[in-house]
Asks: 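To start, I am sharing the structure in question, which I have written as structure tokens.
Hydrogens, waters and symmetry mates are skipped; everything else that's a heavy atom, side chains included, is used.
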Amino acid sequence: MSLSIKQFHKTETHREVVLKFLLLLGVLILYFGYLSYEYGLLTGGIVAALTWSFFVLCTPVADAGFLLDFPIRLIFGIRMLYSEVLVWAIAISLNLYALAYNSAAYDKTILTVLFKKILTTPYPYWSIIILSGIGTFLSIYFGDEMMDVFRHRDRVKYHRHGFKLKFIGIVSLFALIFLAYYFLLESLNIQLDNIS
């Protein structure tokens with residue numbers, strides 16, 4: 001029994017997603033293994049989780065969350081926006097726990113030291129998290145819209161000018177968020193070599 005071109009392409013896409021996910025999982029396991037060797041199993045696990053949550057909360061694109069959101073959308077059909085809300089809830093909860101019960105875990109890597117400074121200094125550093133949240137959820141919304149367009153490319157409603165204007169608006173807003181994020185980091189003088 002032979003596969004049609006459409007079925008073959010879908011199978012290849014799923015294989016690609018699974019392969020990328022497994023590759024990422026391998027990197028995370030190696031990072032966790034290194035941190036566990038360096039600081040012990042419990043502390044290494046917490047530091048690895050805090051590093052992941054830094055990328056969730058402090059970068060204006062859905063990078064750490066998107067690595068879960070995209071495969072979940074492809075495999076289960078759940079909109080990435082919903083899974084990203086869950087990712088943010090987990091990241092925030094993790095940091096509330098770590099700050100309350102194990103704040104010394106933040107002192108283990110340069111990135112987590114910077115992250116602790118951002119989390120414990122509401123003004124002006126929480127603006128980084130706010131801008132990152134706006135950028136992340138905008139990129140997730142854009143990703144969901146693009147997947148809808150690709151999935152429903154034969155539907156007329158996606159080929160009208162409304163979608164093109166929406167696309168241009170989203171891209172423009174995303175560019176403004178990136179610029180604001182860049183200038184915010186620069187104005188706060190955040191550099192990795194003078195974190196302590």
Side-chain angles (χ1 to χ4, degrees), residues 14 17-123 125-148 174 177-178 181 184-185 190 195:
H14 282 286
V17 169
V18 169
L19 183 63
K20 287 179 183 177
F21 181 75
L22 290 175
L23 215 73
L24 171 69
L25 189 62
V27 169
L28 290 175
I29 289 170
L30 286 173
Y31 183 65
F32 170 72
Y34 166 75
L35 290 173
S36 295
Y37 174 76
E38 198 71 26
Y39 305 114
L41 190 62
L42 181 62
T43 303
I46 291 172
V47 173
L50 292 175
T51 303
W52 169 81
S53 69
F54 170 83
F55 287 107
V56 170
L57 299 175
C58 293
T59 56
V61 289
D63 44 13
F66 191 74
L67 297 169
L68 297 173
D69 301 334
F70 187 65
I72 289 171
R73 170 76 193 248
L74 281 180
I75 295 168
F76 300 111
I78 298 170
R79 293 189 69 79
M80 293 186 288
L81 184 64
Y82 302 138
S83 55
E84 188 65 21
V85 168
L86 181 63
V87 164
W88 271 67
I90 292 169
I92 290 169
S93 300
L94 172 70
N95 283 284
L96 289 173
Y97 171 81
L99 285 169
Y101 299 107
N102 195 359
S103 64
Y106 287 96
D107 301 331
K108 302 299 182 190
T109 68
I110 293 173
L111 199 59
T112 53
V113 168
L114 172 63
F115 192 30
K116 183 178 181 182
K117 185 175 184 178
I118 291 169
L119 292 174
T120 58
T121 313
Y123 181 80
Y125 293 131
W126 281 11
S127 53
I128 293 170
I129 297 171
I130 292 166
L131 268 179
S132 297
I134 294 169
T136 294
F137 285 100
L138 186 63
S139 67
I140 287 294
Y141 174 78
F142 177 70
D144 272 334
E145 286 289 313
M146 291 307 296
M147 294 212 40
D148 289 342
F174 198 63
I177 289 169
F178 260 104
Y181 183 81
L184 176 66
L185 291 182
I190 293 178
I195 288 171

Asks: Could you tell me which non-hydrogen atom of Ser83 sits nearest to which non-hydrogen atom of Ile72, and how far apart they are?
Replies: CB-CD1, 4.4 Å
Asks: Quick one: pull up CG in Leu119 and OG in Ser103 and give me the separation to the nearest 0.5 Å.
Replies: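 With rounding to 0.5 Å, CG (Leu119) is 11.5 Å from OG (Ser103).
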Asks: Using a 3.5 Å distance criterion without hydrogens, assess whether the side chain of Thr121 forms a donor-acceptor pair with backbone atoms of Ile118.
Replies: no
Asks: With the side chain counted from C-beta on, respond yes when Thr136 and Leu57 share a heavy-atom pair under 4.5 Å apart, and no when they do not.
Replies: no
Asks: I'd like to check the side chain to side chain contact (heavy atoms under 4.5 Å, CB included) partners of Ile90; sequence neighbours left out, ordered by chain and number.
Replies: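 Once residues adjacent in sequence are excluded, the partners of Ile90 under the side chain to side chain contact (heavy atoms under 4.5 Å, CB included) criterion are Trp52, Leu86.
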Asks: Could you measure the distance from the CG atom of Leu94 to the CG atom of Leu99? Nearest 0.5 Å is fine.
Replies: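 Reported to 0.5 Å precision, the distance equals 9.5 Å.
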Asks: Which is it for Phe32 and Leu41 under the side chain to side chain contact (heavy atoms under 4.5 Å, CB included) test, yes or no, and what are the steps along the way?
Replies: CA-CA 9 Å; Phe32 170 72; Leu41 190 62; 3.5 Å; yes
Asks: Are Thr120 and Tyr125 side-chain neighbours, meaning at least one heavy-atom pair lies under 4.5 Å?
Replies: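 Side-chain contact under 4.5 Å: no.
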Asks: Atom CG of Leu138 and atom CG of Leu81: how far apart are they, to the nearest 0.5 Å?
Replies: 11.0 Å
Asks: Under the rule for ring-ring contact (aromatic ring centres under 6.0 Å, His included), what residues qualify as partners of Phe54, not counting sequence neighbours?
Replies: Phe115
Asks: What pair of heavy atoms forms the shortest contact from Phe137 to Val85, and how long is it?
Replies: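 That closest heavy-atom pairing would be CE2-CG2, 3.8 Å.
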Asks: Not counting sequence neighbours, list each pair that qualifies as a side chain to side chain donor-acceptor pair (under 3.5 Å) and has a residue in residues 23-41.
Replies: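 Listed once each, the pairs are Tyr31-Thr51.
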Asks: Could you list the residues that satisfy side chain to side chain contact (heavy atoms under 4.5 Å, CB included) with Ile29, not counting sequence neighbours?
Replies: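 Per chain and number, Ile29 pairs via side chain to side chain contact (heavy atoms under 4.5 Å, CB included) with Leu25.
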Asks: I need the full list of side chain to side chain donor-acceptor pair (under 3.5 Å) pairs touching residues 86-97, with sequence neighbours left out, sorted by first then second residue.
Replies: Ser53-Asn95, Glu84-Trp88, Asn95-Tyr106
Asks: Keeping the roles fixed (side chain from Thr43, backbone from Gly40), state whether a donor-acceptor pair exists under 3.5 Å.
Replies: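 Pair absent, no side-chain N/O of Thr43 close to backbone of Gly40.
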Asks: Compare every heavy atom of Leu50 with every heavy atom of Ala98, then report the nearest pair and how far apart it is.
Replies: CB-CD2, 3.8 Å
Asks: Distance check, rounded to the nearest 0.5 Å: Leu28 atom CG versus Leu23 atom CG?
Replies: 10.5 Å
Asks: In chain order, what residues pass the salt bridge (Lys or Arg N to Asp or Glu O under 4.0 Å) check against Lys116, with sequence neighbours excluded?
Replies: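 Partners of Lys116 under the salt bridge (Lys or Arg N to Asp or Glu O under 4.0 Å) test: Asp107.
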Asks: Please find the pair of heavy atoms, one from Lys108 and one from Val47, that lie closest to each other, and give the distance.
Replies: CG-CG2, 3.7 Å
